[in-house]
Structures are given as structure tokens and as C-alpha cells.
There are 2 protein chains.
Amino acid sequence: MMLAICPRAELLARWRRAFPEGRVVASASAAAGAGRGSQLWLHVDDIAVSDLGDRVANLVRANDGVPVVVISAAPDQQRALVALDSGARGFCHALAAPEMMRQVATVVAHGGLWVGPELMRRMLGAVTSKLDRDAGGATADLSRLTPRERAVALEVSHGATNKEAARALGITERTVKAHLAAVFEKFGVRDRLELVIALRDPATVPARSVA
Amino acid sequence: MMLAICPRAELLARWRRAFPEGRVVASASAAAGAGRGSQLWLHVDDIAVSDLGDRVANLVRANDGVPVVVISAAPDQQRALVALDSGARGFCHALAAPEMMRQVATVVAHGGLWVGPELMRRMLGAVTSKLDRDAGGATADLSRLTPRERAVALEVSHGATNKEAARALGITERTVKAHLAAVFEKFGVRDRLELVIALRDPATVPARSVA
DNA sequence: AAAAACATTGGACCGGTGGACAGGGTGCGG
DNA sequence: CCGCACCCTGTCCACCGGTCCAATGTTTTT
């Protein structure tokens, strides 16, 4: 059974459309007794970030085996991370389409984890600064680069200095510079800063005609 | 349709039991043409860690919209991270129970991400510790800056050099450096490159105001 | 009024960066 | 065999970027 926790039910209009058979309760204490196969969706807009971790953790602990999904109308990454770190299994926008919510529910029900593409990229980036193929917007034309150039470009786009990139790739700093120079040339940028900006927004990369 | 990529089909006995209707092909090139709703499961035990990223990334790129799940008989976290970072949507043990594999397939099919509980904890740990490190100046939020600092930060975040920013704001290059140093301090970054990365979320970077 | 924060600039130092010369190695197709 | 593309490395040098030292005036807060 779907259970949403929110003192003001009107904030969950989309959610109720997604789960007509679901119930909205005002407080976490009223959520007790949710059986196996249930899901708890916790609305967090009224919860301070500093309290969020404890609230989620308590809810997860009090409802062993029942996945908790956090829902917010103003989601930000820090809150998402806190929630997930405290045991939440998903983080969903309160204004997401009902179909999307049902997808989230399906994923969570099968033991999966739901994170938005944005957050996912950030999480992965924090763990390893290796590669950054982002599913959503497609990073510029990294495909126009040779594998080595691409590797260097990615290191730099994660903030690495030439020395750090060299160490990471097991080559000399000089070689990093060489690859980087080729990358600048191909993308028509003058330095690493513009490269990062170009990779952030593919539209800014000049469609450099093949010379 | 379920497609598994592995030169030695006998390694995927469990997988074939989980997906009797699935097909095992020997190489990635033979996987082309997988339509929407398909999934590609890539067996990676014969792939070196250093090549894993590119292999997965290529597969993801060549099959736009088709989720890629990595499967291994000897999964380790580093390989999992590389694979996920390159665009894989799940990382599954080759000897997992067929029911488990079907669950993974369900999660992935609905846009979710499958990571084992172990890896999940590690990812969250890495992210939160990174946040803690950044907490010296809190997350990049331009509202924390003084007006002048903000102006400089914006110029730089659009790719300006110190000299250009100075000219644009009608101040000395030296003063730009001073403001910039304050910005670095507040955001806990070491240089302009990391600043741009910290401001990567376009929503937090308002358009440059013409001075 | 005293204290704190802000805006501005100077000089000097040093490491990082990028361009301009180079060169040698591999592998692949004509 | 000979280009061609890619990968790797070297030296030299001018410039940029970031940090340390410092100072002066204004505005805001206490």
C-alpha cells in the first residue's frame, strides 16, 4: 500500500493522481503498521535540512523493510543526499508526472534506487573522476577527440591540474599538455576554463568546420 | 529484448535461466540494432579495468536509449564505479539468482539504477565526505558573496581572464584577484576551474549583468 | 564611537599554463 | 615502402593565476 506522509494533503495532488488507492497521513506516527509491499513517501518541504537526516532515519528504522521515498516540491541535491544517506530509497519531485512517480514506485518496489540523472552524475563524479559520459544532455563532441585526448579532457573537466592528470593517466605532464593543446584546437577554446564551460554547455562549442 | 554480450556463453548460465528468451552474442558489434525496450548486459570479466570505461561508454553511445547492465562473476567496487560512471545502469553478479536478475532488469527498465547495497553505502559515504570537505564555505551559492565578489565570480564563470574581468568591471586586475581570493575562500575551491565546476548547475548562475 | 565588513590597490613571489620550437615511437592503409 | 595519425617526450620562455605581505577609505553593524 502506498502511504504518503504530509501535514497538508493538498501539496500531494500529483501523488494522489499517481496513486489513487494511496493514503495521505499527517504525521510519521500515523504511518505505523505499513505492511510488506508498502511504500512510504515522505514529504519534506517543511523539514529543515538539519532535521531531515534524523527524520528519515527514524522512519526507515520504525518501518523495517518498507522502502521510504522522499518527495519535495523544491528538491535540492544536498537534501537528496542527506535523505539517501539516511536510508531513503528514492528522491522524487512533488510535481513530477504521475507516470514518473509510478515508475519510481516500481523501481523502489523491486529493490532499486531512484536518483535523478543530475544527482547521479554528481554522486559518481564524487567517487571517481574518471569518465563523464552523462546520459541526459550528452557532453559536447567528446567523440571528436582521440581516446587519449578525451581522457585528458575529462580529467581537466573535473578540475585536475596538468600534473594531476598526468599522474592519473600515468604519463608525463608534457604529454598532458600536448593532448590538451589538441583538445583546445579541436574545440576552438583558448584555455582549460573555456573547455570546462564548453563541456558544461555543448551549445557554446563552435561547430568548428573541418579545416 | 534481452541481449547479453559475452564471448563464452557458458559463463552466463544463470543469466540464460533468468531470461530464457534472451540472446547471447559474442561481441559488442553484434549487439547493434537493439530496439527500444531492450537491455544490453555486458559481461566484463575478460575486460581490463583500464579498458572498461571506454568499452562501456562506447556501448552506451552506440545504443542510445538502451540501458546497459554490467555483469561479472568477480565484481569489485572499482570496476563497478568505472562502469556506472561510463553510463552503465546496473552492476550485477553473474552468479546471482535468476529472480534477482529479473528484478535488476525491472528496475533498469523503469529508469532506475541498480547498485548493490555495499556499493551504495560507499558512494554515499564518498559524496557526503566530499560535501563535508566543501563545507568550509558551504555549497556554491552566489548569494553568499558580496556584490563585487559576485560580479567577479560571474565574469570568471563565463570564461573571462583576470584582465578581462578587470576591464569589464572598471577596476584593477589586482582588485579582481583580491575578490577572487575571497570567493575561493568562501566556496572552498582552490582555483577558478573548480569554481566553474562548483557553479556547474546553470540554474545557480544568472546571466552576466553588463556593467 | 568602536568594531567589523567591504572595496580598492600596490608589490613581490612562484608555480601553473600555453605556445613554439623540437624529436622518436607505433600501427595502419595505400 | 611511405605517408599519416596517434601517442609520448623534451626544452625554452612569456604570461597568467593565486597567495603572501601590506595600505587606505567607505559603509554597515554593534
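From a predicted model like this one, the values you see are computed outputs, not experimental measurements. Order of the sequence lines fixes the chain letters, A, B, ..., with proteins taken first and strands second; residue numbering starts at 1 for each chain.
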Smallest heavy-atom separation, A/Val70 atom then A/Ala83 atom, equals CG2-CB, 3.7 Å
Which of B/Val68, B/Val44, B/Leu42 passes side chain to side chain contact (heavy atoms under 4.5 Å, CB included) with B/Ile5? Answer is B/Leu42
inquiry  = Has B/Thr172 got a side-chain atom pairing as donor or acceptor with B/Thr175's backbone, closer than 3.5 angstrom?
reply    = no
Rounded to whole Å, CD of A/Glu149 lies from C1' of D/dC7 at a distance of 10 Å
Those residues at least two apart in sequence (or on a different chain) that pass side-chain hydrogen bond (donor to acceptor under 3.5 Å, both in side chains) with A/Asp191 are none
Quick one: does any side-chain atom of A/Glu149 pair with a main-chain N or O of A/Leu145 as donor and acceptor, under 3.5 Å? no
Nt span of DNA chain C in reach of chain B heavy atoms at under 4.0 Å, 5' end first, is C/dC6 to C/dG11
### Query
Is any side-chain nitrogen or oxygen of A/Thr146 closer than 4.0 Å to OP1 or OP2 of D/dC7?
yes
Output for pair (B/Arg16 CZ, B/Arg23 CZ), nearest 0.5 Å, gives 13.5 Å
One should read off an interatomic distance between B/Arg192 CZ and B/Leu199 CG, to the nearest 0.5 angstrom, of 12.5 Å
*asked:* So A/Thr175, base contact, sugar-phosphate only, or nothing? Heavy-atom distance under 4.0 Å.
replied: base
On a heavy-atom basis, the closest approach of B/Met101 and B/Ala18 is CB-CB, 3.9 Å
Heavy-atom contacts, protein to nucleotides 14-21 of chain D, under 4.0 Å, summarised as B (base), S (sugar-phosphate only) or - (none) per nt, yield --SBBBBB
